[in-house]
Structures are given as C-alpha cells and as structure tokens.
K.L.:
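Starting off with a structure, shown below.
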Amino acid sequence: MDRLTVKSVVFDGHCVLKSMCTFDNKGNIKGEDDCASCGGGCDGFCGKCEIQRSFDRLAAYEDTGLTPEEIIAMKADNKRTHELIDILEGAIKAL
C-alpha cells in the first residue's frame with residue numbers, strides 16, 4: 001500500500017499529505033510561492049486544525065500497514081471467533 005502521508009518536519013508530531021508537502025527535510029519551503037500546505041485558515045497551532053487532525057488520523061491508519069480489505073476481513077474473523085466462544089461457553093455451562 002502506498003502511503004498518502006508523510007511525517008512533517010515543520011509541524012512536530014503531525015503529518016501532511018505527500019501531494020501537499022511543500023517543505024524539504026530541513027524545514028525549508030520548496031517552492032517560491034509555497035507557504036502553507038493546508039491552504040491557510042490555521043490558528044497557528046495545527047493540533048486544533050480539523051484538516052490537520054484528518055491528516056493525522058489518515059497517517060495513523062496508514063501506520064497499521066493494513067488495507068481496508070484486510071481490516072474488513074479481520075473484523076469478520078473477530079466476529080466469527082466471538083460467536084464460536086459464545087457457543088463454547090454455552091456448551092460448557094450446559095454440562
């Protein structure tokens with residue numbers, strides 16, 4: 001799975017979309033007119049920004065290394081496992 005996000009070297013502890021990243025690995029602005037990766041409207045603290053929180057949530061998902069299909073399969077397996085446990089617990093109680 002290709003990542004859409006990268007860790008930001010400018011906004012400590014946060015991530016940005018690769019396609020929107022305008023900073024190099026030393027925190028310098030890459031392009032002449034590039035000044036903000038999120039398009040503005042920032043209050044100066046990116047942790048409060050809804051856009052930033054969305055990027056960070058996407059990055060956390062990407063950190064799992066799982067695809068959506070793998071997550072769906074795991075949820076189905078987990079449900080079946082719990083159903084089997086309930087059946088076994090019922091059978092043990094009936095003994």
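Since we're looking at a predicted model, the values are computed, not measured.
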K.L.:
Specify the closest pair of heavy atoms between Lys7 and Cys15, including all atoms of both residues, with the distance to one decimal.
P.N.:
CD-SG, 3.7 Å
K.L.:
For the pair Met74 and Leu66, evaluate side-chain contact (heavy atoms from CB on, under 4.5 Å) and give the outcome as yes or no after the intermediate values.
P.N.:
CA-CA 10 Å; Met74 285 175 57; Leu66 299 171; 3.7 Å; yes
K.L.:
Between Gln52 (side chain only) and His14 (backbone N and O only), is there a donor and an acceptor less than 3.5 Å apart?
P.N.:
no
K.L.:
Taking all heavy atoms of Arg3 and all of Asp63, pick out the closest pair and write down the distance.
P.N.:
NH1-OD1, 2.9 Å
K.L.:
Test of understanding: clusters of I, L, V, M, F, W, Y form through side-chain heavy atoms closer than 4.5 Å, transitively. Do Leu58 and Ile71 belong to the same one?
P.N.:
yes
K.L.:
Starting from the C-alpha separation in whole Å, work towards a yes-or-no answer on salt bridge (charged side-chain N to carboxylate O under 4.0 Å, His left out) for Asp56 and Arg53.
P.N.:
CA-CA 5 Å; Asp56 291 341; Arg53 289 200 316 216; over 6 Å; no
K.L.:
Give, for atom CG of Leu84 and atom CD of Glu89, the distance between the pair rounded to the nearest 0.5 Å.
P.N.:
11.5 Å
K.L.:
Can you check whether Phe55 reaches Leu4 side chain to side chain, under 4.5 Å on heavy atoms?
P.N.:
no
K.L.:
Can you see whether Asn78 engages His82 through a side-chain donor-acceptor pair at a distance of less than 3.5 angstrom?
P.N.:
yes
